[in-house]
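First up is the structure itself, then whatever we jot down about it.
None of these values were measured; they are calculated from a predicted model. Each ligand, and each atom within it, is numbered from 1 in the order the structure gives.
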Amino acid sequence: MKQVSLFLITLNALFISCSTPSRDSAFIDNLMSRMTLEEKIGQLNLPSGGDIQTGTVFGAELDSLILEGKIGGFFNVKGVDEISRLQHLAVERGPHGIPLLVGADVIHGYETIFPIPLALSCSWDTTAIERMAQISAMEATADGINWNFSPMVDICRDPRWGRIAEGSGEDPYLGSMMAVAYVKGYQGEDLSADSTLLACVKHFALYGAAEGGRDYRPVDMSDVTMYNYYLPPFKAAVEAGCASLMTSFNLINGTHATADGKLINGLLRTGWHFNGLVVSDYNSFPDIAAMGTSKIEDAATLALEAGTDMDMVSGLYLKNLKNAVDKGLISEKIIDKACRRVLEAKQRLGLFDNPYQYCNPDRAKTGIFNTENRQAAREIAAETFVLLKNDNHVLPLRKTDKIAVIGPLADAANNMVGCWSMHAQTDKHNSLLEALKGAVGADGRILYARGCNIYDDETMQLNATGLRCIPFEHDTRQLEQEALYIAAKADVIVAAMGESSDMSGESASRADISIPAPQRRLLEKLKETGKPIVLLLFTGRPLVLDWESRNLDAILNVWFGGSEAADAISDVIFGTKIPQGKLTTSLPLHQGQIPIHYNRLPSSRPDPQAGVFNRYQSNYIDVDNEPLYPFGFGLSYTTFAYGKPTLSSTVLQENGCIDATVNVTNTGDYDGYEIVQLYIRDPVAQIARPIKELKDFARVFIRKGETATVHFSITDDKLKYYDANLKYDYEPGEFIVMIGSDSRNVQELSFRAE
Ligand code: NOJ
């Protein structure tokens, strides 16, 4: 038996090495010329190897699929040893020795966990994001992975949608910058290096606009909205060279995204010249039928014809494609095309030259969750926190203060990491309480009480906290008394409250996005003590914070900051680092304002002034129109004063450039970063344009007392948009430029574009 497999190994190795050079397209021609139709279909199959279930797992064993050539790759297998074993099986004993793609969701870190992407975007720091993506790629590749299902670039205007946590917020310009940074970080300069991997931009498309914020719901959207606001980050990722793309699993204008040929073959491949690999989302193929857009036996051919190359999990390509060719329903050529794209992805990774380059146990021993990576995660986490309020400079705290740390998230290390963190080592990093105790040292006075449950209802709490369970306490009276007792003894209260980490992410839509009732009640009681209260807000989405903003002294939105979040929070609340993040989504004043986004179109009646009700203007009878905290908003421990901005000219010639300049002075007591923002409005155009759109920003470090001069270049590409015929251009005329510290607080200028 041993002799036979040795012979097979040699034979397979021979096939690979005797053919044309492995980087050549002729290599793939040659390989494919030797593959049967079934083997080509096999390359299109991507089963899940693990038990992370968000649908029906295709049940077959990986080993036999590999030996029979019925698999192009797999995902959800953890550990270099097992992955290496499977890769050896494919190369040494699978037909033609074709190596496997090994996928994973390394969305915000592998074992070293970084903040959730929504938080990362609040740093507005593309360098930090590229660095986090690089580190994620280094860790994941050290453990055998060569394909990452990230970045998620879905624009979202509805914070009820739990997956808002996974994206970069509501803005297409910022979202595009972030998308590029992720792709660059994952793929590096050389995709065939052993520390880079294939990025996979997702979910194509419009998933973030799910109706009512309910996950998996359909989307009905005009082309103009789609092209101007939802598609730009995908296009940017494709232009940055992203090697693969995942379709989404929702209906778009009545067609399932995975079977939408207009979008995939049309826009993506023909329009944007994307020549990479397209994979479906988890078990999407049966959904095509379940949503009533095909019979189950036709779903696979519809997806293939639309341009989806790989089937994640359902197994329907394996089951139905051969039959479809035999019956003449599809041609073998279309299967060839898809198979070629899978093989090309492997070629780009260098897998044909060195199938085991991601299977190096030595790298796995030292390259994962090491001190250096964790330090980077701590630094980056501190950049993502957004200070929403800080009355009387209650923050930063003094280490000598007597601090009452209260709340169900204060000592919950497993709840710092956020939605995509299944590889996190939550027993190896600090909880907030541990970090604060460590920071103040033996003489410090940190008191702690859990105070309340996440929810009043046990079942709801267990559902909401899911994998990262927070146990339910039945004696809530005692919890509250403990909290009030320590609050009475303290100088300041730090409330660690908000959402548990499983309350956002996939299939975690919420209809009520306020802080759940028991936590709010406890805050109300704590307020009665008269002690200053700092809310450390853990959340995966924007929450409605009306009461909190009126009643608490400080609010620091810390999101889910990853494995090093606790120490990063401690750095910021004790002032070693100063807050610098700014919101990338609007924070509503009231749930009824949703969907809410700053770049809205004008109404047929003007918006009234904030706080003024005016019948027959576009306002609610009962709530203001404005969000509580606008897009781009975030405070610092220091303050910045903006000078009057200027333009180098009031006329922008075709292909010309105007320099917009503003002086920003650090008028406070700390050195710090300010994120200076530039918005543009096109007041008269062929179709109505938003009241403002972010077109540039600068993240500048300014020492206290010093002034920085910030320059922006306004070129005509900042004026272009997709018109009713989807022509991308601008029309000459007047444009308004707005420069400021957030989307609300701006100074206006104008120029004419020729
Ligand atoms: C379903 C999710 O929608 C997608 O983002 C993820 O990459 C796949 N599952 C694989 O885990």
Side-chain angles (χ1 to χ4, degrees), residues 45-58 62 72-78 101-110 116-118 133 136 140 145-156 161-168 179 182-183 186 197-210 213-219 233-234 237 242-252 256-258 277-288 290-291 303 308-315 418-424 466-467 502 504-509 540:
N45 187 33
L46 180 74
S48 166
D51 58 3
I52 302 159
Q53 296 200 15
T54 50
T56 317
V57 177
F58 182 67
L62 286 186
F74 57 84
F75 68 109
N76 279 351
V77 173
K78 166 90 164 88
L101 292 175
V102 183
D105 290 282
V106 186
I107 312 291
H108 50 110
Y110 186 63
I116 54 169
L118 181 60
S136 304
I145 291 156
N146 55 38
W147 187 14
N148 187 11
F149 304 141
S150 171
M152 191 281 218
V153 303
D154 296 305
I155 295 293
C156 182
W161 192 52
R163 301 197 79 168
I164 196 171
E166 299 175 46
S168 296
Y182 279 100
V183 172
Y186 292 138
L197 38 59
L198 302 173
C200 182
V201 60
K202 67 188 187 185
H203 306 83
F204 194 64
L206 318 185
Y207 184 31
R214 247 170 75 199
D215 211 356
Y216 317 123
R217 289 292 297 150
V219 175
F234 288 96
C242 189
S244 69
L245 172 142
M246 186 186 294
T247 61
S248 72
F249 34 34
N250 52 290
L251 282 178
I252 301 173
H256 192 290
T258 306
L277 174 64
V278 175
V279 63
S280 79
D281 201 349
Y282 207 102
N283 209 39
S284 280
F285 289 16
D287 292 346
I288 301 173
M291 286 173 163
T308 303
D309 302 316
M310 270 190 127
D311 162 18
M312 184 188 285
V313 168
S314 87
C419 47
W420 282 107
S421 51
M422 57 273 205
H423 306 311
L467 284 174
D502 284 340
S504 56
E506 187 173 345
S507 207
S509 300

Numbered atoms of ligand 1 (with element) below 4.0 Å of [X], judged on heavy atoms:
X: F249; result: 3 (O)
X: E506; result: 1 (C), 2 (C), 3 (O)
X: D281; result: 1 (C), 2 (C), 3 (O), 4 (C), 6 (C), 8 (C), 9 (N)
X: F75; result: 10 (C), 11 (O)

Item to check | N/O donor-acceptor pair under 3.5 Å between S244 side chain and A199 backbone | outcome: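 Yes: the side chain of S244 pairs with the backbone of A199.
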
Checklist entry - Can any side-chain N or O of D502 pair as donor or acceptor with the backbone N or O of L467 at less than 3.5 Å? => result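 Yes, the answer is positive, given that a donor and an acceptor are paired below the 3.5 Å cut-off.
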
Return yes or no for this condition: an N or O of [X] is under 3.5 Å from an N or O of ligand 1.
X: W420; value: no
X: K202; value: yes
X: Y207; value: no

Of the non-hydrogen atoms in [X] and [Y], which two are nearest, and what is the gap between them?
X: L206; Y: D154; answer: N-OD1, 4.5 Å
X: F149; Y: K202; answer: O-NZ, 2.8 Å
X: A257; Y: F204; answer: CB-O, 3.7 Å
X: S136; Y: V106; answer: CB-CG1, 3.8 Å

Checklist entry - Which of these, D215, N250, T247, sits in a side-chain hydrogen bond (donor to acceptor under 3.5 Å, both in side chains) with Y207? => result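 The option that passes is D215.
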
Next on the checklist: Measuring from atom 5 (O) of ligand 1, which candidate in E166, M312, M152, H203 has the nearest non-hydrogen atom?
Outcome noted: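 It is H203 that holds the nearest heavy atom.
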
Item to check | Side chain, backbone, both or neither: the part of M422 lying under 4.0 Å from ligand 1 by heavy atom | outcome: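 For M422, there is no contact with ligand 1 at all, from either part.
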
